[in-house]
Amino acid sequence: MLLSKEEESMFQIVKKDKRTLARVGTLTVPHGGRLETPAFTMVGTRAKVITLEPEDLIKTKTGIIISNTYHLWRGLGDKLPQFKGLHDVMQYDGIIATDSGGFQVFSLGFGREHEVSKVGFFPESNSTPGFFSDLFLQIRIWLGITNSRNSVRVMPWGAYFKDENYGDKKFVFLDAEKSIRIQEKLGADIILAFDECTSPRHGYWYTKWAMNRTHRWAKLCLELKARPKQLLYGIVQGGAFEDLRRESARIIGSMPFDGFAIGGSLGNSKEDMYKVLEWSMPYLPEDKSRHLLGIGQIRDIFEGVQRGVDTFDCVIPTREARHGGIWTYDGRYDVTKGSNKNIEAPLLEGCVCPACVDGLTRAKLYELFKNKDREGGRLATLHNVYFFNELMGKIRQSIMEDRFPEYKEEMLKRIEKKK
Ligand SMILES: [Zn+2]
């Protein structure tokens, strides 16, 4: 099939900011979905954005959702071959992405052993493990001697999981080939290469060896991918080590992926995370889209956009909503607090989300949460998802109008004021 010039290029830059690396773009996927970027990807781990129905996704202007390959694969088990595809199952026509399972290599593995997330916060850890300590760790993993909380064993050829959540008695294997085949079956528009996500507590050498595995697996994923209807993104690794990030971005960035994601440990602080973006971006082709994996606090969105990130994904809008965390342009508040009991105002003044236009008030939502009514979580989710999508629209507009840096400063001042 011959493609026109526009169709060939799945990502089009509409406007570049003059003072920063921020850009507005259009991402088109082969099944026909179209997304304006910068955009926020809502998380629907098991083929569902929790509490929301298919029509809610349209009402909240949700343009992209990411589902989780590992949990769908494990949850579906023998039923995977009969899986009808994410678009059918979710009854959703927007863009759907799936991750590769590489994040679970970390979250079920060293994330547990080290008790950390992708961005650690250890002011004390100025020193990282040295060569011999990393070598010892690598040998320990290969011999299968890990902490009891760690359910993953990464080998040069793939990863073995023994996940008590799925009642595993034996190890279950996932590698680049299996990840691609599962993602083909799941049928998302955007799929990710299999990688090893490292921990902020891993030393330089371990991070380097893991990065080299990721590069090898990335090449394999490109060779293995069979479905032209799916876009394949490569993942940049390298922890928070400058030379490794640069090397990984250069190597992954030179491979013929359809887009790129920044993954892995993002260091010990937000500043580390922003540096990781600055080190990586120069090596990623400008005309391909860039995704920052698993990050989505408001400040991080602005700082990411400023450094050239097009899409983000995070559970913040949805997970916090289910616990009563409500996002507004004046920051976040907890609607379950007694102070909301008598506030007969919308969750956010002037909000046109499906919940607020329906007459929802803070007092009413407080009541629903107090009575443990599930409708509370659903209404809060509608509001938060709409809010994040609207905020991204405002960011795009500010870039179009050449006032992104001013908008960023104004918004961060407002949103972070109450904290
Ligand atoms: Zn609202």
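In listed order, ligands and their atoms are each counted from 1. This structure is a prediction, so every number in the text was calculated from the model and none was measured.
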Does the side chain of Thr20 pick up a donor-acceptor pair with the side chain of Asp17 at under 3.5 Å?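 Side-chain D/A pair, Thr20 to Asp17: present.
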
Would you please say whether a donor-acceptor pair under 3.5 Å links the side chains of Asp313 and His291?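 On atom types as modelled, these side chains qualify, holding a pair under 3.5 Å.
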
For the Zn ion (ligand 1), count the protein N, O or S atoms found under 2.8 Å away.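 Those protein atoms number 4 in total.
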
Using the six-membered ring wherever Trp is involved, compare the ring planes of His202 and Phe110 and label them parallel, tilted or perpendicular (cut-offs 30° and 60°).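 Because their plane-to-plane angle is over 60°, the rings of His202 and Phe110 count as perpendicular.
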
What pairs meet the side-chain hydrogen bond (donor to acceptor under 3.5 Å, both in side chains) rule with one or both residues in residues 295-305, with sequence neighbours excluded?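 side-chain hydrogen bond (donor to acceptor under 3.5 Å, both in side chains) check on residues 295-305 returns Lys270-Gln297, Lys270-Asp300, Tyr274-Asp300, Arg299-Glu303, Arg299-Glu416, Glu303-Arg307, Glu303-Lys408.
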
Of all residues at least two apart in sequence or in a different chain, which pass the salt bridge (Lys or Arg N to Asp or Glu O under 4.0 Å) check with Lys341?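 Listed in chain order: nothing, the list is empty.
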
Test of understanding: with ring pair (Phe, Tyr, Trp, His ring centres under 6.0 Å), list the residues that count as partners of Tyr204, not counting sequence neighbours.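 Scan of Tyr204 (ring pair (Phe, Tyr, Trp, His ring centres under 6.0 Å), adjacent residues dropped) gives Phe241.
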
